> 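I am attaching a structure below and will ask some questions about it afterwards.
Fair warning: this is a prediction, and the values are worked out from it, not measured in the lab. Reminder, nothing fancy here: chain letters follow the sequence lines and each chain counts from 1.
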Amino acid sequence: MKMLTKIALVLIPTITLSTAALSHDPEMHKMANEKADCKNMDHSKMDMKDPVAMAMMKKCMQQSEKTEIKVDHSKMDHSKMSAEKSKVKKDDSHSSHNH
Amino acid sequence: MKIIKLFIAVILLIISAISAVMYSGIVNVAADEPHTDLVYWLLETTREKSIEVAAQNIDVPDLSDPELLLTGGMDYEFMCSSCHLKPGRNQSDMSLGLYPSPPNLTIKAEEHDGHKHRDSTQTDRKNFWVIKHGIKASGMPAWGKTHDEQRIWAMVAFLKRLPTLTPEQYQILTALD
């Protein structure tokens, strides 16, 4: 019994204190939902016959195509926009639906 | 007649020994308390053999299409990396807390502790089977209930390349579009 008490006296504080060292930065629980970091690609080091390199190229091409569509506002024709809006309104009438 | 009596006695003895162990509550099921070497060996051998036999007739398709790395990579990042880690991350709550612990799949198969791995086709088959069906009484879920075979093969293809990826390559392959 005495031995057990001794063991408990040593183990309980040790375990309690060491749990603090095991807990970690809450940052690690963040879900990564960033875009592919294509700036880091070093083409000179890539073997273009390697499926990994091919997949990376494909990913970055897809991504740049997408962001271009999203970000490139220069092709927006503002003069047409109000017209589009009223057209949408007209088409939005539910008269043709037959539920 | 004598031998049958003896046989029955032995069986009864075994059954009562097992019941005694079960009902006494002496078995510790805590995940932070490892199995003894004997129990570990029993479970590991049973699991390895089971997977080997179950997977032996699976046909492995062509896994070289780069597109597979993209679908497989994204799925891996969101479904698997919390347990099986990723380049640049060598521990997580799950990798430390689960027992049996999830193997670090960013390390080449031959380097896993204690596992024997044969040729790569055999590894692909086993990986496919494990991902599809999961492993009982471990943290490994059966993904086949919610994912078709095509997506599982894509993850198998990704796992083949995962140990060779740098954190930068991994990030590009697995990012959301």
> Looking only at non-hydrogen atoms, find the nearest pair between A:Lys35 and B:Gln171 and report the distance.
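Taking every non-hydrogen atom into account, O-NE2, 2.9 Å.
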> Can you tell me if CE on B:Met94 sees more than 12 non-hydrogen neighbours from other groups inside 6.0 Å?
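No - once you tally the heavy atoms of other residues, nucleotides and ligands closer than 6.0 Å, there are 12 at most.
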> Please state whether the side chain, the backbone, both or neither of B:Leu165 comes within less than 4.5 Å of a heavy atom of chain A.
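For B:Leu165, the side chain is the part near chain A, not the backbone.
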> Any chance CG of B:Asn28 has more than 12 other-residue heavy atoms, nucleotides or ligands included, within less than 6.0 Å?
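Yes - once you tally the heavy atoms of other residues, nucleotides and ligands closer than 6.0 Å, there are more than 12.
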> State which residue, out of B:Leu70, B:Thr174, B:Leu173, fulfils the side-chain contact (heavy atoms from CB on, under 4.5 Å) condition with A:Lys59.
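Checked B:Leu70, B:Thr174, B:Leu173 against A:Lys59; only one passes side-chain contact (heavy atoms from CB on, under 4.5 Å): B:Leu70.
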> Determine the minimum heavy-atom distance between B:Ile172 and A:Cys38, stating which atoms define it.
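Heavy atoms of B:Ile172 and A:Cys38 come nearest at CD1-CA, 4.2 Å.
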> Can you name the nearest heavy-atom pair linking A:Ala36 to B:Ala175, along with the distance?
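In this case the closest contact between A:Ala36 and B:Ala175 is N-CB, 3.2 Å.
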> I'd like to check the side chain to side chain donor-acceptor pair (under 3.5 Å) partners of B:Glu67; sequence neighbours left out, ordered by chain and number.
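For B:Glu67 the side chain to side chain donor-acceptor pair (under 3.5 Å) partners, ignoring immediate neighbours, are A:Lys58.
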> Counting only heavy atoms not in A:Leu9, do more than 12 fall under 6.0 Å of its CG?
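Correct, the count exceeds 12.
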> By a 4.5 Å heavy-atom criterion (distance strictly below it), what part of B:Gln169 contacts chain A: side chain, backbone, both, or neither?
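Its backbone and side chain both get close to chain A.
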> State whether the number of non-hydrogen atoms from other residues, nucleotides or ligands found under 6.0 Å of B:Asp37 atom CG is greater than 12.
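No.
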> Same hydrophobic cluster for B:Leu85 and B:Trp143, using side-chain heavy-atom links shorter than 4.5 Å among ILVMFWY?
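In one cluster with B:Leu85: B:Trp143, no.
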> Search all heavy atoms of A:Ala55 against all heavy atoms of B:Pro66 and return the closest pair with its distance.
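Looks like CB-O, 3.5 Å.
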